[in-house]
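A quick write-up on the structure given underneath.
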Protein chains: 2
Amino acid sequence: MATIGDVAREAGVSRSTASYALSGKRPISEEVRRRVLAAAEALAYTPNAGARALATAQTKVLGLLAQFHEDEFAPAMLQYILGVTDTARDLGYDTLLVTEADGARALRRITDSRMVDGVVLMNIAQDDARLPILRAAPQPGALVGLPGDCSGLDVFDLDFEEAGRVMVDHLHRLGHRELILISHPEHVVERGGAYVWRLRDAALERARQLGVTLHAVYGESRQPAVGRLLNGLLDAYPAATGLLINNEAAAAALPSVTYARGLRVPEDLSVIGRYSAEFAATFSLSYSFIESAPDRLGSMAVRQLVRRVESPAARNEPFVVRFISPELVSRGSTAPPRNAR
Amino acid sequence: MATIGDVAREAGVSRSTASYALSGKRPISEEVRRRVLAAAEALAYTPNAGARALATAQTKVLGLLAQFHEDEFAPAMLQYILGVTDTARDLGYDTLLVTEADGARALRRITDSRMVDGVVLMNIAQDDARLPILRAAPQPGALVGLPGDCSGLDVFDLDFEEAGRVMVDHLHRLGHRELILISHPEHVVERGGAYVWRLRDAALERARQLGVTLHAVYGESRQPAVGRLLNGLLDAYPAATGLLINNEAAAAALPSVTYARGLRVPEDLSVIGRYSAEFAATFSLSYSFIESAPDRLGSMAVRQLVRRVESPAARNEPFVVRFISPELVSRGSTAPPRNAR
DNA sequence: TCCGATCATTGAACCGGTTCGACAGTTGCG
DNA sequence: CGCAACTGTCGAACCGGTTCAATGATCGGA
């Protein structure tokens with residue numbers, strides 16, 4: 001494999017000249033530049049990543065820490081990951097995907113060893129063990145998800161509070177007065193998945209203000225448990241006319257439940273979900289939903305991260321906490337409550 | 001950040017002694033070893049990955065080239081990816097996930113620059129543009145999926161031919177004499193996805209031998225097209241009593257179709273799919289299926305790859321083409337054909 | 001004609017590890 | 001008692017880039 005020394009020899013110049021000709025960081029005569037580029041081309045020269053990293057203290061690699069918990073819905077994660085890898089590549093970075101169970105150890109490993117220029121963290125917990133490590137690391141980091149303490153970090157997330165309110169408002173405006181909200185499993189809450197209670201608490205609060213009855217329950221993450229749960233809820237609250245779903249597995253399971261019970265949506269039951277358009281397509285869901293925009297969030301996180309990586313000025317800018325405002329995509333699954341079921 | 005020089009100074013030894021004490025590649029007195037380890041601990045020393053890569057010509061990173069095509073079913077891919085990352089980590093390697101559209105260019109980039117010690121390729125096409133590059137690369141590679149020309153490569157795949165035969169045999173034995181096989185979309189075939197016709201051709205051949213009528217059609221990859229297609233097929237072949245599915249999207253869409261038509265499985269229609277257990281759980285599918293074992297395939301590919309990476313002897317061993325034999329997991333969705341529909 | 005500025009190029013140092021050959025100091029054996 | 005073999009440690013070179021300070025060449029202006 002050709003080194004820059006080979007290129008230099010082939011072009012009849014010194015190593016440093018070859019380096020400058022290739023990088024353009026100093027003026028080089030047209031003649032020499034041509035010779036160097038030709039030599040590089042002829043030898044199929046590609047700089048050695050390790051050597052370059054050592055010399056420049058830049059690896060052009062970003063770390064992506066993602067975890068696949070048993071009780072979370074894996075296909076939903078994929079969207080975030082692709083948002084990150086695609087944007088990273090657009091900006092000239094490769095992505096090191098780390099799915100290790102012990103995220104804190106993994107984070108320490110990749111930052112201390114300088115394998116990466118920056119890190120994106122996903123599956124953020126309220127009190128996330130990785131955050132102290134990230135704050136102490138020499139590389140900048142960005143979070144997709146809101147932790148309890150955002151200090152010293154760039155954070156990107158859906159505005160789950162507003163999402164909860166939008167759902168309740170929408171059905172209230174149509175005339176609904178009794179709703180069911182099905183959230184993620186309680187495990188997720190125990191693990192510190194704040195997005196669960198952020199949406200839930202805001203929805204409950206808004207329902208209280210509007211005088212709407214809201215039955216807020218934690219869900220399941222797997223079939224057949226989640227299907228049973230849905231059936232149980234519809235039995236338990238026969239007067240409820242609207243269903244809010246902040247739980248991908250429940251959303252995916254709902255069609256078979258309504259089929260089986262002979263329920264029509266939205267005539268007998270109005271439904272609003274919270275997931276991504278891509279997810280809806282994959283699972284053939286035709287409910288109105290709050291777009292959770294995973295690709296956009298992943299992309300935003302990477303852009304901010306790369307800004308900080310590349311600009312010394314940006315490193316000292318104040319940290320940002322940016323919420324995407326929930327957009328309700330209408331698919332016609334809500335209507336005024338015509339009949340009690 | 002501490003370097004090995006800092007550790008050496010702290011321990012009062014030379015850099016080389018510190019290196020040997022940490023690696024154990026030469027005998028070091030107990031006393032000195034203790035001092036070095038203590039110094040490393042005290043300074044929180046972690047070797048710089050770039051420097052080590054430069055010196056040892058090893059990065060402890062594997063490349064994973066995966067593509068997410070519009071017309072393939074993304075959640076199925078995820079299983080393969082996790083199989084790779086998990087096994088890689090077990091063996092001490094991190095994973096560089098590359099999803100770039102131009103796979104050939106990406107492969108050249110990561111191999112030429114020596115970012116990775118080896119590569120796993122997924123979404124293999126019959127005449128894959130990445131293979132010549134991989135063969136010429138200094139690093140070893142492993143394929144998940146069977147290309148037209150396996151020479152010079154380690155290949156791992158499900159035995160799709162046998163899978164096709166197992167499906168037909170199983171239903172023939174139960175007494176079925178007219179079947180439908182729904183494969184992936186024709187786009188996938190045009191792109192060179194050999195697994196489509198490998199299963200299809202073998203199933204057709206076996207059906208011919210057994211005197212079974214087999215209607216083999218290409219499918220769709222998205223709702224609602226795939227649902228319409230399923231309905232159309234059931235209308236077009238009313239005498240067919242068994243359905244074979246080599247198409248994740250079609251499998252995922254089938255339950256709603258049978259519900260809507262009031263078809264009972266297996267009383268009115270026997271069904272066999274080809275997907276993973278994990279996939280079945282995610283989509284709540286309760287059909288008997290041929291396990292495609294994506295995690296096992298990813299894991300096997302990585303193990304073989306790492307063997308070649310780490311052992312000079314293994315580099316020269318003959319290349320392997322290994323097929324996982326299809327295991328039919330019974331979920332009770334097949335039965336003798338009781339009634340014509 | 002000489003000088004200073006400008007421009008292109010170079011040699012050397014550096015990044016942070018690993019590894020080879022050399023070298024003391026100790027031990028064992030004849 | 002002398003020499004060989006062995007142990008443990010060290011200095012130096014190397015991996016393949018980048019970058020700084022210095023050098024030589026060219027040019028315009030006085």
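None of these values were measured; they are calculated from a predicted model. Letters go in sequence order (proteins before strands), and every chain restarts at 1.
- In this structure, CD1 of B/Ile28 is placed 10 Å from C1' of D/dC10, rounded to the nearest angstrom.
- Taking the side chain to side chain donor-acceptor pair (under 3.5 Å) definition, one finds that B/Gln58 meets it with nothing, sequence neighbours left out.
- At distances below 3.5 Å, at least one donor-acceptor pair connects side-chain atoms of B/Gln139 with backbone N or O atoms of B/Val116.
- How far CZ of A/Arg89 is from CG of A/Asp94: 4.5 Å, rounded to the nearest 0.5 Å.
- In this structure B/Phe73 satisfies the ring pair (Phe, Tyr, Trp, His ring centres under 6.0 Å) test together with B/Phe279, B/Phe283, sequence neighbours excluded.
- Every residue meeting the side-chain contact (heavy atoms from CB on, under 4.5 Å) condition with B/Arg135, not counting sequence neighbours, appears here in chain and number order: B/Leu131, B/Asp149, B/Ser151, B/Leu153.
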Steps toward side-chain contact (heavy atoms from CB on, under 4.5 Å) verdict (B/Asp295, B/Leu82): CA-CA 7 Å; B/Asp295 45 352; B/Leu82 291 179; over 6 Å; no

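- Sorted by residue number, the members of residues 10-25 of chain A with any non-hydrogen atom under 4.0 Å from DNA chain D read A/Arg15, A/Ser16, A/Ser19, A/Tyr20, A/Lys25.
- Protein atom CG of B/Asp6 is 10 Å distant from nucleotide atom C1' of C/dG16, rounded to whole Å.
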Verdict with supporting geometry, A/Ile28 and A/Thr17, side-chain contact (heavy atoms from CB on, under 4.5 Å): CA-CA 8 Å; A/Ile28 293 286; A/Thr17 302; 4.0 Å; yes

Protein-nucleotides 25-27 of chain D N/O pairs closer than 3.5 Å?
none

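- Judged by a 6.0 Å distance limit and a 45° cone about the ring axis, B/Arg303 is not positioned over the six-membered ring of B/Phe156.
- Separation of atoms CE (A/Met115) and CG (A/Leu62) is listed at 12.5 Å; rounding is to 0.5 Å.
- For A/Arg296, the CZ atom sits in a loose shell: 12 or fewer heavy atoms of surrounding residues, nucleotides or ligands are nearer than 6.0 Å.
- A/Asn123 and A/Gln67 form no side-chain donor-acceptor contact under 3.5 Å, judged by distance and modelled atom types alone.
- Atom CZ of A/Arg108 is surrounded by 12 or fewer heavy atoms from other residues, nucleotides or ligands within 6.0 Å.
- Here the P atom of nucleotide C/dG16 and the CE atom of B/Met1 are 11 Å apart, to the nearest Å.
- End-to-end axis angle for the helix from C/dT1-D/dA30 to C/dG30-D/dC1, using five pairs per end and rounding to 10°, comes out at 60°.
- Each of B/Val302, B/Leu297, B/Leu64 was evaluated against B/Val144; a single residue qualifies, B/Leu297, per the side chain to side chain contact (heavy atoms under 4.5 Å, CB included) test.
- Sorted by first and then second residue, the salt bridge (Lys or Arg N to Asp or Glu O under 4.0 Å) pairs involving residues 34-57 of chain A (not counting sequence neighbours) are A/Glu31-A/Arg34, A/Glu31-A/Arg35.
- Interatomic distance, A/Leu96 CG to B/Thr95 OG1, rounded to the nearest 0.5 Å: 7.0 Å.
- Partners of A/Arg114 according to the side chain to side chain donor-acceptor pair (under 3.5 Å) rule, which considers only residues two or more places apart in sequence or in another chain, do not exist here.
- Between A/Asn48 atom CG and D/dG16 atom C1' there is a gap of 6 Å when expressed in whole angstrom units.
- What separates CD of A/Glu30 from P of C/dC7 is a distance of 16 Å, to the nearest Å.
- Rounded to whole angstrom, the span from the CZ atom of B/Arg52 across to the C1' atom of D/dG16 amounts to 18 Å.
- Side-chain N/O atoms of A/Tyr45 include one lying less than 4.0 angstrom from OP1 or OP2 on D/dG17.
- When the side-chain nitrogen and oxygen atoms of B/Ser29 are compared with OP1 and OP2 of D/dT9, one or more of them lie within a distance under 4.0 Å.
- With hydrogens and angles ignored, the 3.5 Å screen pairs a side-chain donor or acceptor of A/Asp117 with a backbone N or O of A/Lys60.
- Contacts with DNA chain D (heavy atom under 4.0 Å) in residues 53-61 of chain B: B/Leu54, B/Ala55, listed by number.
- Within a heavy-atom distance below 4.0 Å of DNA chain C, no residue of residues 36-44 of chain A is found.
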Residues A/Met300, A/Ile324; criterion side-chain contact (heavy atoms from CB on, under 4.5 Å); working and verdict: CA-CA 10 Å; A/Met300 285 169 69; A/Ile324 289 192; 3.9 Å; yes

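- Partners of A/Tyr195 according to the ring pair (Phe, Tyr, Trp, His ring centres under 6.0 Å) rule, which considers only residues two or more places apart in sequence or in another chain, are A/Phe160, A/His184.
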Pairs under 3.5 angstrom, nitrogen or oxygen only, protein versus nucleotides 23-27 of chain C, please.
none

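- Spacing between atom CD1 of A/Ile4 and atom P of C/dC14 amounts to 19 Å, rounded to whole angstrom units.
- At a cut-off of 3.5 angstrom, counting only N and O atoms as typed in the model, there is a donor on one side and an acceptor on the other between the side-chain of B/Arg26 and the base of C/dG21.
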